[in-house]
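Heads up: the structure comes next, in structure tokens.
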Number of protein chains: 2
Amino acid sequence: MNATSDEIKADYNFISDALIDIYDQIMRIEESEIRKSRFKDITAKELHLVHTIGLHDRKTTSEVARILRLSKGTLTANLNNLERKGYITRITNLQDRRIINLALTSKGRLLYRAHYAFHRKLVEQCLKGFGGADIKKMKQALLNVEDFIGEVSSK
Amino acid sequence: MNATSDEIKADYNFISDALIDIYDQIMRIEESEIRKSRFKDITAKELHLVHTIGLHDRKTTSEVARILRLSKGTLTANLNNLERKGYITRITNLQDRRIINLALTSKGRLLYRAHYAFHRKLVEQCLKGFGGADIKKMKQALLNVEDFIGEVSSK
DNA sequence: AAATAATAGTTTGATTATCAAACTATTTAT
DNA sequence: ATAAATAGTTTGATAATCAAACTATTATTT
């Protein structure tokens with residue numbers, strides 16, 4: 001009984017330690033993979049921004065700033081760079097001309113899909129050999145993390 | 001059969017999307033939780049550095065720079081800040097006086113443990129209600145990711 | 001209808017993070 | 001003993017970020 005409890009503790013520590021380091025490595029690899037492709041002028045942060053704009057099509061600048069927890073000024077600077085490089089476009093809203101809606105250009109969409117494909121490949125490798133029940137558990141684990149984040153945030 | 005394949009695809013997409021956003025939120029929450037505590041002068045990046053020094057006790061400056069993929073100059077600057085705030089200490093190596101070994105102060109160790117406890121709580125919530133077999137699967141998934149990272153990196 | 005307030009995004013000025021290259025001190029190799 | 005190599009710091013330049021001031025536009029008040 002005690003041995004089992006120690007084993008669980010060791011498993012938890014293993015998982016905790018692994019999680020802390022994996023993400024950094026993934027970010028770094030994402031950037032280096034993307035720079036080997038035709039999108040050599042993109043940093044990890046810019047990739048993240050392109051991903052967000054692709055996922056939330058035609059959201060306003062303020063909404064995207066809130067999603068990414070960046071100040072509006074910082075986002076403006078980042079958008080200038082991505083617009084200059086041809087990945088995103090600013091669309092003035094005709095109903096309310098104060099508002100700018102953000103969208104990807106066709107080049108931006110290509111980058112978005114390449115990035116998404118990389119993530120999909122990562123997930124496939126991660127779940128290699130897993131059955132339906134195992135995948136359900138993984139989903140549950142992620143939902144649990146989201147709950148935890150929600151709880152801590154709202155406190 | 002086709003419906004099942006579509007379901008699996010949807011599950012993969014769900015997991016992929018969830019993973020992308022969760023980490024950013026965790027980083028942000030970690031910082032905000034730590035700033036609510038007695039460690040108000042610590043940023044997320046500094047927390048990461050304290051964690052690394054705590055995990056790899058008395059490693060040299062160059063080794064820590066390599067682990068974190070920071071230039072030596074950048075690390076020197078970060079270390080100056082953390083030393084000034086009292087979280088880390090530089091220990092001149094007496095065998096080779098060019099080398100500096102890094103360690104946490106007692107204040108640094110308190111911060112390290114608080115941070116580690118937070119991660120443990122996160123993992124516990126994540127695996128809430130999971131049995132031994134499920135936890136084994138989770139470990140396998142993380143090992144798979146590490147393999148994937150290794151493969152891509154070495155290519 | 002005119003004046004005022006509110007809102008969306010940009011610009012500005014300051015601060016901080018980062019890097020590569022030059023530099024200093026020390027150790028190893030010739 | 002001298003030259004080469006190594007560990008860490010300093011320097012100078014560049015990029016990322018924020019908060020606050022600013023501009024243009026829309027909504028509200030009177």
Side-chain angles (χ1 to χ4, degrees), chain A residues 24 27-28 30-32 34-35 39-53 56-85 87-103, chain B residues 24-25 27-28 30-32 34-35 40-53 56-85 87-103:
Chain A
D24 264 4
M27 287 285 282
R28 198 167 29 76
E30 277 185 358
E31 177 167 325
S32 77
I34 223 71
R35 292 179 85 102
F39 308 109
K40 299 190 197 313
D41 56 354
I42 288 293
T43 65
K45 273 172 191 169
E46 288 174 330
L47 191 55
H48 195 182
L49 178 47
V50 166
H51 175 84
T52 302
I53 293 174
H56 306 279
D57 193 44
R58 285 168 202 238
K59 283 255 189 301
T60 68
T61 300
S62 296
E63 282 168 333
V64 171
R66 190 182 43 73
I67 290 167
L68 294 175
R69 328 272 162 177
L70 291 174
S71 73
K72 293 190 297 174
T74 298
L75 184 56
T76 293
N78 295 162
L79 292 174
N80 289 342
N81 292 335
L82 283 177
E83 195 177 39
R84 180 173 40 74
K85 294 179 188 172
Y87 292 96
I88 66 120
T89 179
R90 287 170 157 112
I91 303 165
T92 311
N93 185 305
L94 296 179
Q95 273 69 53
D96 182 342
R97 302 176 55 78
R98 290 170 302 183
I99 292 174
I100 301 281
N101 293 109
L102 299 173
Chain B
D24 263 5
Q25 291 182 274
M27 287 285 281
R28 197 169 30 76
E30 277 184 358
E31 177 167 327
S32 78
I34 224 70
R35 292 179 84 103
K40 298 190 197 315
D41 56 355
I42 289 291
T43 65
K45 274 173 192 167
E46 288 174 330
L47 191 54
H48 196 182
L49 178 48
V50 165
H51 174 83
T52 302
I53 294 175
H56 307 280
D57 193 42
R58 294 186 191 223
K59 283 255 189 302
T60 68
T61 300
S62 295
E63 284 168 333
V64 171
R66 190 183 43 72
I67 292 168
L68 294 175
R69 328 271 162 177
L70 291 174
S71 73
K72 293 191 297 175
T74 298
L75 184 57
T76 293
N78 295 161
L79 291 174
N80 289 342
N81 291 337
L82 283 177
E83 195 177 39
R84 181 172 41 74
K85 292 180 189 173
Y87 290 96
I88 67 119
T89 178
R90 287 171 157 111
I91 303 164
T92 311
N93 186 305
L94 296 179
Q95 273 69 53
D96 183 342
R97 301 175 56 75
R98 290 171 301 184
I99 293 175
I100 301 281
N101 293 109
L102 299 172

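Convention: sequence-line order gives letters A, B, ...; per-chain numbering from 1. Hydrogens, waters and symmetry mates play no part in the numbers below; they use all other heavy atoms, side chains included. This is a predicted model, so every value here is computed, not measured.
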Touch class at under 4.0 angstrom, heavy-atom based, for Thr61(B) against every strand present: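 Sugar-phosphate only.
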Whole Å only: how far is the [atom1] atom of [X] from the [atom2] atom of [N]?
| X | N | atom1 | atom2 | result |
| --- | --- | --- | --- | --- |
| Leu68(A) | dC18(D) | CG | P | 11 Å |
| Leu79(B) | dA7(D) | CG | P | 16 Å |
| Ile99(A) | dT25(D) | CD1 | C1' | 10 Å |
| Glu46(A) | dT17(D) | CD | C1' | 14 Å |
| Asn101(A) | dA8(C) | CG | C1' | 11 Å |
| Glu63(B) | dT6(D) | CD | C1' | 13 Å |
| Asn81(A) | dT14(D) | CG | P | 15 Å |
| Glu83(B) | dG8(D) | CD | P | 14 Å |

Contacts under 3.5 angstrom, residues 94-103 of chain A side chains, donor-acceptor by atom type, not counting sequence neighbours:
{"residue": "Asp96(A)", "atom": "OD1", "partner": "Arg98(A)", "partner atom": "N", "Å": "3.1"}
{"residue": "Asp96(A)", "atom": "OD1", "partner": "Arg98(A)", "partner atom": "NE", "Å": "3.1"}
{"residue": "Asp96(A)", "atom": "OD2", "partner": "Arg98(A)", "partner atom": "NH2", "Å": "2.8"}
{"residue": "Asn101(A)", "atom": "OD1", "partner": "Asn93(A)", "partner atom": "ND2", "Å": "3.1"}
{"residue": "Asn101(A)", "atom": "ND2", "partner": "Arg58(A)", "partner atom": "O", "Å": "2.8"}

Non-neighbouring partners of Ser71(B) that pass side-chain contact (heavy atoms from CB on, under 4.5 Å), sequence neighbours left out: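 Thr74(B).
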Note, [X] side chain near [Y] side chain (heavy atom, < 4.5 Å):
| X | Y | result |
| --- | --- | --- |
| Leu82(B) | Ile42(B) | yes |
| Thr52(A) | Glu63(A) | no |
| Glu46(B) | Asn81(B) | yes |
| Arg35(A) | Thr43(A) | yes |

Minimum-distance nucleotide (side-chain atoms of Thr60(B) versus dG8(D), dA17(C), dA8(C)):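 Output: dG8(D).
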Thr76(B) side-chain proximity, nearest of dA8(C), dT9(D), dA17(C):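 Selected nucleotide (nearest to the side chain): dT9(D).
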Side-chain N or O of Ser62(A) closer than 4.0 Å to phosphate OP1/OP2 of dT7(C):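 So the side chain of Ser62(A) is outside the cut-off, no N or O lying under 4.0 Å from OP1 or OP2 of dT7(C).
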Pairwise distance CD1(Ile67(B)) to NE2(His56(B)) - rounded to 0.5 angstrom: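 Ile67(B) atom CD1 to His56(B) atom NE2 measures 4.0 Å (nearest 0.5 Å).
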Reading 5' to 3' through nucleotides 18-30 of chain C, protein heavy-atom contacts under 4.0 Å coded B for base, S for sugar-phosphate only, - for none: SB-----BBS---
